[in-house]
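The structure under discussion appears below in the form of structure tokens.
What you are looking at is a predicted structure, and each value in this text was computed from that prediction instead of being measured.
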Amino acid sequence: MVIRPDRARDQHRQRRVVPLHCRRRSAVVNRDAACFRQQQTLRASLLDARGAISFAPARDLAAHMLLAIDDVTLAGNIAAQWLLERVQGERVDGNIGSPSDAVYVCGRWESALLGCDARSAKGTTLDNSDPGMRQLWNADAPVVLEVVASAAGMSRSARAALLATGTKTKMIMPMRGDDGRPFGLMSVDRLTRASRGWEIALVDLFRSVLHEVVSPILAASKSLQDDAAPQLIALTSISGQLTEAEIRVARLAAKGMGYKEIARDLRRSVHTVDHQLRSIRTKLGVPSHAKLVQLLSRELRLPALAPTVSS
């Protein structure tokens with residue numbers, strides 16, 4: 001049988017086509033390999049090398065954060081809980097951000113002391129053009145706001161935003177990557193201990209652990225997330241694969257809403273929402289709901305939707 005040249009070229013192209021699910025699997029494998037390399041590199045520098053961390057609790061923190069390096073939200077929450085227990089605050093919160101952003105959004109990571117009736121700082125926004133915020137982003141050491149209500153350098157609106165979360169005194173410091181640029185903030189708040197100052201030992205502990213443990217691990221975790229999300233988005237052609245109904249569910253999931261909350265908001269059954277979220281995870285090649293929320297909230301740019309119509 002004689003095969004025409006144009007037909008031979010078509011057959012050759014067909015043989016070279018890689019199925020989408022195989023490309024997804026390849027992206028996941030590549031990401032897993034990148035996570036392993038980052039874990040090994042950081043473990044060597046933080047725990048194994050000469051001059052590595054010697055403070056046992058900080059070593060334990062590093063080990064636990066490294067296990068969660070593929071999930072920047074989980075790793076940040078581990079750090080927040082550790083700082084809450086060790087730095088004698090009543091609430092710890094932090095988030096990824098940049099001084100070039102219009103606003104800083106508090107509370108991606110948050111941990112609060114039980115029994116202190118702490119209000120959540122999650123979602124509180126602070127204007128990065130505020131002189132006080134610019135000072136915070138430029139700091140190389142913890143900035144202590146002994147009395148938030150009269151903090152020098154902070155605008156009235158910034159103080160009001162912090163006071164609305166119940167914060168009476170705050171210690172805050174930027175996290176920096178290897179290039180020295182800040183990529184987020186971490187803060188420790190006291191809500192009922194305003195009269196008690198921050199002991200120098202606690203300020204030093206906060207600074208050293210944030211600089212030596214938390215910042216390098218969260219910087220690596222953020223880098224893994226930044227590298228992975230565009231691959232997943234490019235591979236799955238999101239806007240073309242998700243239905244409008246799935247996009248509505250995805251938008252609510254990106255806000256951190258749970259299955260029941262989404263079902264209540266959209267007036268659907270929990271079973272339907274569960275089915276749609278499973279479909280979304282399959283289409284985006286994401287293995288878990290937590291990673292889906294992380295991807296959607298940080299990287300995904302979904303098309304704008306009309307408000308949900310309530311019947």
Side-chain angles (χ1 to χ4, degrees), residues 26-87 92-99 107-111 137 139-142 171-188 202-232 286-288 290-291 293-295 297-299:
S26 176
V28 172
V29 169
N30 290 340
R31 186 168 188 266
D32 288 345
C35 287
F36 180 74
R37 288 194 298 270
Q38 285 281 21
Q39 283 178 324
Q40 294 299 98
T41 300
L42 286 168
R43 183 176 295 278
S45 62
L46 299 179
L47 301 177
D48 299 335
R50 180 178 297 180
I53 301 166
S54 59
F55 183 45
R59 289 179 62 86
D60 185 62
L61 169 63
H64 280 83
M65 289 185 68
L66 285 173
L67 292 176
I69 197 170
D70 64 332
D71 187 336
V72 70
T73 300
L74 177 57
N77 280 326
I78 291 171
Q81 181 61 38
W82 190 96
L83 290 167
L84 181 73
E85 296 170 356
R86 294 281 173 176
V87 188
V92 175
D93 81 85
N95 198 355
I96 288 170
S98 166
R108 179 175 188 170
W109 316 303
E110 187 174 59
S111 187
W137 282 111
D140 292 320
M171 178 165 57
I172 186 168
M173 180 177 169
M175 296 175 290
R176 299 182 182 277
D178 291 338
D179 59 2
R181 296 178 181 177
F183 66 87
L185 297 173
M186 190 74 82
S187 69
V188 185
L202 294 179
V203 176
D204 287 343
L205 177 62
F206 181 58
R207 179 197 57 77
S208 61
V209 169
L210 210 63
H211 175 69
E212 298 173 17
V213 181
V214 176
S215 292
I217 296 178
L218 287 183
S221 185
K222 176 181 179 298
S223 176
L224 288 169
Q225 172 186 278
D226 291 345
D227 290 343
Q231 293 178 21
L232 290 172
V286 181
S288 69
K291 293 185 184 300
V293 173
Q294 175 182 319
L295 174 64
S297 63
R298 288 291 303 171
E299 303 294 343

Handout entry: side-chain contact (heavy atoms from CB on, under 4.5 Å) between V214 and L61, worked out
Key = CA-CA 9 Å; V214 176; L61 169 63; 4.1 Å; yes
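- Taking 4.5 Å as the limit, some side-chain heavy atom of L210 sits within range of a side-chain heavy atom of M175.
- Distance check: D60 CG to M65 CE gives 12.0 Å after rounding to the nearest 0.5 Å.
- Looking only at side-chain heavy atoms (C-beta outward), V87 and M171 come within less than 4.5 Å of each other.
- With hydrogens and angles ignored, the 3.5 Å screen pairs a side-chain donor or acceptor of S45 with a backbone N or O of L42.
- Heavy-atom minimum distance, A52 versus L46: CB-O, 3.2 Å.
- Expressed to the nearest 0.5 Å, how far CG of L74 lies from NE2 of H64 amounts to 10.5 Å.
- Side-chain N or O atoms of S208 include one that pairs as donor or acceptor with a backbone N or O of D204 at under 3.5 Å.
- Put simply, the side chain of S221 never gets that close to the backbone of I217: no donor and acceptor are under 3.5 Å apart.
- Heavy atoms only, all atoms of each residue included: M186 and V92 are closest at SD-CG1, 4.0 Å.
- One finds the CG atom of D71 at 10.0 Å from the SG atom of C35 (value rounded to the nearest 0.5 Å).
- The nearest pair of heavy atoms linking F206 to I172 is CE2-C, 4.2 Å.
- The distance from atom CZ of R181 to atom CH2 of W137, rounded to the nearest 0.5 Å, is 13.5 Å.
- At distances below 3.5 Å, at least one donor-acceptor pair connects side-chain atoms of W82 with backbone N or O atoms of P57.
- Between R176 atom CZ and F183 atom CZ the span is 10.5 Å, to the nearest 0.5 Å.
- Side chains of S187 and D93: a donor-acceptor N/O pair is present below 3.5 angstrom, by distance only.
- When all heavy atoms of L185 and P174 are compared, the closest pair comes out as CD2-CA, 3.6 Å.
- A donor-acceptor pair under 3.5 Å links the side-chain atoms of R59 to the main chain of I53, judged by distance alone.
- Residues P182 and P99 form a side-chain contact, since some pair of their non-hydrogen atoms from C-beta on lies under 4.5 Å apart.
- Applying the side chain to side chain contact (heavy atoms under 4.5 Å, CB included) criterion to Q40, with sequence neighbours excluded, gives F36.
- Looking at heavy atoms from C-beta onward, W109 lies out of side-chain contact with I78 at the 4.5 angstrom threshold.
- Rounding to the nearest 0.5 Å gives a distance of 9.5 Å between CG of D178 and OG of S223.
- Every residue meeting the side chain to side chain donor-acceptor pair (under 3.5 Å) condition with T73, not counting sequence neighbours, appears here in chain and number order: R108.
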